[in-house]
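We count ligands from 1, going down the list as the structure has it; atoms in each ligand are counted the same way.
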Amino acid sequence: MDYCVNIGIEVHVQLITNSKIFCSCQNGFSTTSNSQICPICSGQPGILPVLNQFVPESAVRLGLATNCQISEKSEFARKHYFYPDLPKNYQITQSDNPICKEGKVTIRLEDGSLKDIRLIRIHIEEDAGKNIHSQISNESFVDLNRAGTPLLEVVTYPDISSAYEAREYLKALRQIVEYLGICTGNMEEGAFRADTNISIRPKHQEQLGTKCELKNINSFKFISDAIEYEISRQKDLLESGNKVKQETRLWDTKEKRSVSMRSKEEAADYRYLNDPDLPILHIDQNYIDNIKNKMPELPFEKFNRLCTQGLTSYEADIIVGNLDLANYYETASKINNSKTLINWILRDVMGLLKDQKISLKECKITAEMIAELTLLIDTKIINNKSAQEVFAVMAKTGEKASHVVKTLGLEQSNDYSFVETILKEVISENPNQVAEYKSGNEKIFAFLVGQAMKKSKGKADPQGISDMLKKLLI
Ligand code: ZN
Ligand code: MN
């Protein structure tokens, strides 16, 4: 039987703000538990939350970047549940009237075509604290530093139909929040967390199948592995005449399988009620326009621009996928916008980062430096072989390319008489090969060029050598 796969994803985006969402405690990681808390974020009775203005601003930015409608009025609600890491016994979130509604994120499929993943909503909420379960003793601890961290929750329709699409959607959304500067996008640190709802249904059936939720998986690789596994698990169940149970499952990264965590027979009743402590959030057109005017170039816009500027879609995809790399490339290409530049960045700079396990920020070769190096190649001051040498020195010392070229004496010699002298020597030293070439063995030509390059100690331009050699051998 043929099946349709329906996947909906909820992402919690942790916002970069100085202070928390409803109090002035610092928002950010601390090594000391409960060091960044106050009566408000630790949920003491009688407190009054005050909304951090950067939170709705970030929400509107993300809403605009994902083509959402921005609500003129939105409301905060209390979502009630009990956990030790939630001392108020309710989470402040948005329920019926979220700040953003009905958007879309466009992804590129394997065949290059585009697909819109529709968004139901983006809402604002606070994060809970953390329970820490001791590995040594039979104790648990509560750290409230994270309580009150501002979050945006982005919820899609079940439009995603494969592990590949899920991964592309998450990549696209993560790029958007990084480009907007509202989230680090760091999945390992939990700054960008995805919960995935997966169901399958026979092709002819309209109604969605029973869904399972996969919670808090912290890498793209694990998410797509988990989805693949889950789809085949659900297929096996249906094929063997069983039913899929609605439940929350965890992904076991070692065993590579999902395991049941808790069943979700009915939707939990959180007894949402409007939060009487927080006024209705009004957003007028003026406010939206101000934010619109300050929007940075978004990833898909950058992708399209780079493609029209001569990058292949493969190259543009890599560049756009990493904001640091994008900035690096853009700075360098203002100095030397050539094919040589993109080749050296993607092959040599990226290779260096991989070999040395460093980030672009730690790399000694700056954007300006790689631009200069490729300029020296393009203007034939050095050849590719010398450039490799120069590059290695630059990576070690952080010296400018022109400086290294001078110290190593690598300027390519295009001096006519220098090249001619060398070629005459090569011809007289290799009479047999020259005769073979003249009798029609063209393969010998490359050998003769190689001999001349050796003699020039790599300083001569190979193109110049072969042009002159052809003339001399007529
Ligand atoms: Zn606080
Ligand atoms: Mn949530």
Rounded to the nearest 10 degrees, what's the angle SG of C25 makes with SG of C38 at the Zn ion (ligand 1)? Could you check?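 Reported to 10°, the angle equals 100°.
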
Apex the Zn ion (ligand 1) - arms SG from C41 and SG from C23 - angle rounded to 10°: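 Approximately 110° at the metal, rounded to tens of degrees.
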
So do I37 and K20 actually touch side chain to side chain, heavy atoms under 4.5 Å?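 Yes. Closest side-chain heavy atoms under 4.5 Å.
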
Which is it for T93 and Y272 under the side chain to side chain contact (heavy atoms under 4.5 Å, CB included) test, yes or no, and what are the steps along the way? CA-CA 9 Å; T93 179; Y272 282 99; 3.9 Å; yes

Angle at the Mn ion (ligand 2) between OE1 of E153 and OE2 of E125, to 10°?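 Nearest ten degrees: 100°.
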
Quick check: does H123 have an N/O/S atom under 2.8 Å of the Mn ion (ligand 2)?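 Checking the Mn ion (ligand 2) against H123, no N, O or S atom falls under 2.8 Å.
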
Tell me which one of K215, K211, R249 satisfies salt bridge (charged side-chain N to carboxylate O under 4.0 Å, His left out) with D195.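 Single salt bridge (charged side-chain N to carboxylate O under 4.0 Å, His left out) partner of D195 among K215, K211, R249: K215.
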
Smallest separation among heavy atoms of K339 and G310, with atom names: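 Smallest heavy-atom distance, with atoms named: NZ-O, 3.3 Å.
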
